[in-house]
S.K.: 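Provided herewith is a single structure, encoded as structure tokens, for subsequent inquiry.
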Amino acid sequence: MIKQAIIPLAGLGTRLLPLTSVIQKELLPINGKPNLEYIMEECIEAGIKEFIFVIPKDRPAIKKYFFNDSFYKRIIKKKKKDKRLKKIFKKIKIYQKMIKFVYQNKPEGTGDAVLKCKKYLKGSHFLMLLADDLIIKKNCSKEMISLHRKTKGSIIATKKVERKTVSRWGILGFAKKTKNSFLINEVIEKPKLNEAPSNYAIIGRYILPRKILSVLKDQKKGQGGEIHITDSIKTLIKRNEKFYGNIFKGKYLDSGTLEGYIESNLKISKLK
Ligand code: G1P
């Protein structure tokens with residue numbers, strides 16, 4: 001059973017400046033709700049019971065968003081009849097029970113973020129989500145958990161991207177595929193066009209085995225001086241660990257760029 005989800009939240013959000021000079025990107029509202037809450041809702045619907053948020057100590061905004069009881073209590077006291085306020089606070093209290101914080105003071109990569117969660121990770125596998133990558137219309141985490149149950153392996157969300165854009169993504173290789181999945185035999189972080197084994201890109205959802213921690217412990221920094229989860233996945237695949245690509249059915253929205261953020265707002269506002 002997959003019950004824990006890691007969400008790395010230490011990115012600087014430079015692609016969303018100047019907005020991110022005052023608001024952390026995961027708190028930017030999309031159609032009236034922070035980006036991060038969409039990700040959490042997807043997880044909760046898929047059966048996740050605990051979130052591990054990886055944040056920098058000097059950016060307490062996310063902590064404050066979920067843990068500001070005295071603020072709520074003060075206004076609820078003033079506006080005793082406001083049912084909406086009570087409802088919001090109730091929802092926040094539910095989230096509070098599910099969240100743990102872990103600190104990553106420099107954005108040193110997704111691998112480093114996962115390693116920092118070591119003391120909290122319990123089961124054989126856990127989910128990891130990149131908050132910039134919204135997937136709407138169909139619950140991607142749910143699909144992945146169901147593929148994990150079937151295969152007992154690790155799972156990466158993937159979709160076909162335009163060939164010319166492969167160097168923007170982690171790219172997966174495989175020998176054969178069915179309509180919705182494939183067994184991964186190669187993974188490369190941001191390859192050159194002629195090095196890409198396919199044009200199936202990693203989109204920010206991973207079901208990873210706990211044993212990845214022992215690989216991460218000794219992993220050297222990769223592209224851009226960061227510790228990429230992709231590199232430890234590569235090591236595990238070489239050691240014959242089974243990783244499957246889940247070609248998800250939902251629609252992918254990249255809310256980490258200004259263009260994508262605007263598109264996310266438009267698309268989500270049209271959802272029923
Ligand atoms: C990260 C991952 C990459 C993946 C991408 C999806 O890259 O390292 O493998 O394809 O997310 O959004 P980033 O967007 O942080 O450059």
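Read the numbers this way: they start at 1 and go in the same order the structure lists the ligands and their atoms.
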S.K.: If hydrogens are left out, which of I233, D231, I202, V166 has an atom nearest to atom 10 (O) of ligand 1, that is, the closest non-hydrogen atom?
M.R.: I202
S.K.: Whether D69 and K93 form a salt bridge (side-chain N of Lys/Arg under 4.0 Å from carboxylate O of Asp/Glu) is what I want to check.
M.R.: yes
S.K.: My understanding is that we take every heavy atom of each candidate and find the minimum distance to atom 6 (C) of ligand 1. Doing that for T158, I156, D133, which one comes out nearest?
M.R.: D133
S.K.: Is there at least one protein heavy-atom neighbour under 4.0 Å from atom 15 (O) of ligand 1?
M.R.: no
S.K.: Purely on distance, is any nitrogen or oxygen of Y206 under 3.5 Å from one on ligand 1?
M.R.: no
S.K.: In the protein, what heavy atom is nearest to atom 11 (O) of ligand 1, and what distance, to one decimal place, separates them?
M.R.: L130 CD1, 3.3 Å
S.K.: Check whether Y252 forms a cation-pi arrangement with K159 (NZ or CZ under 6.0 Å from the six-membered ring centre, at most 45° off the ring normal).
M.R.: no
S.K.: For Q223 and E189, test the side chains for any donor-to-acceptor distance below 3.5 angstrom and give the result as yes or no.
M.R.: no
S.K.: Quick check on the 6.0 Å ring-centre criterion: do F67 and F101 meet it?
M.R.: yes
S.K.: Can you tell me which residue and heavy atom of the protein come closest to atom 9 (O) of ligand 1, and the distance to 0.1 Å?
M.R.: E189 OE1, 2.7 Å
S.K.: List for me each residue that meets side-chain hydrogen bond (donor to acceptor under 3.5 Å, both in side chains) alongside E45, sequence neighbours excluded, and say none if there are none.
M.R.: N139
S.K.: Checking side-chain hydrogen bond (donor to acceptor under 3.5 Å, both in side chains) against E42, which of R205, K138, K142 comes through?
M.R.: R205
S.K.: Starting from atom 13 (P) of ligand 1, locate the nearest protein heavy atom and write down its residue, its atom name and how far away it is, to 0.1 Å.
M.R.: K190 NZ, 3.6 Å
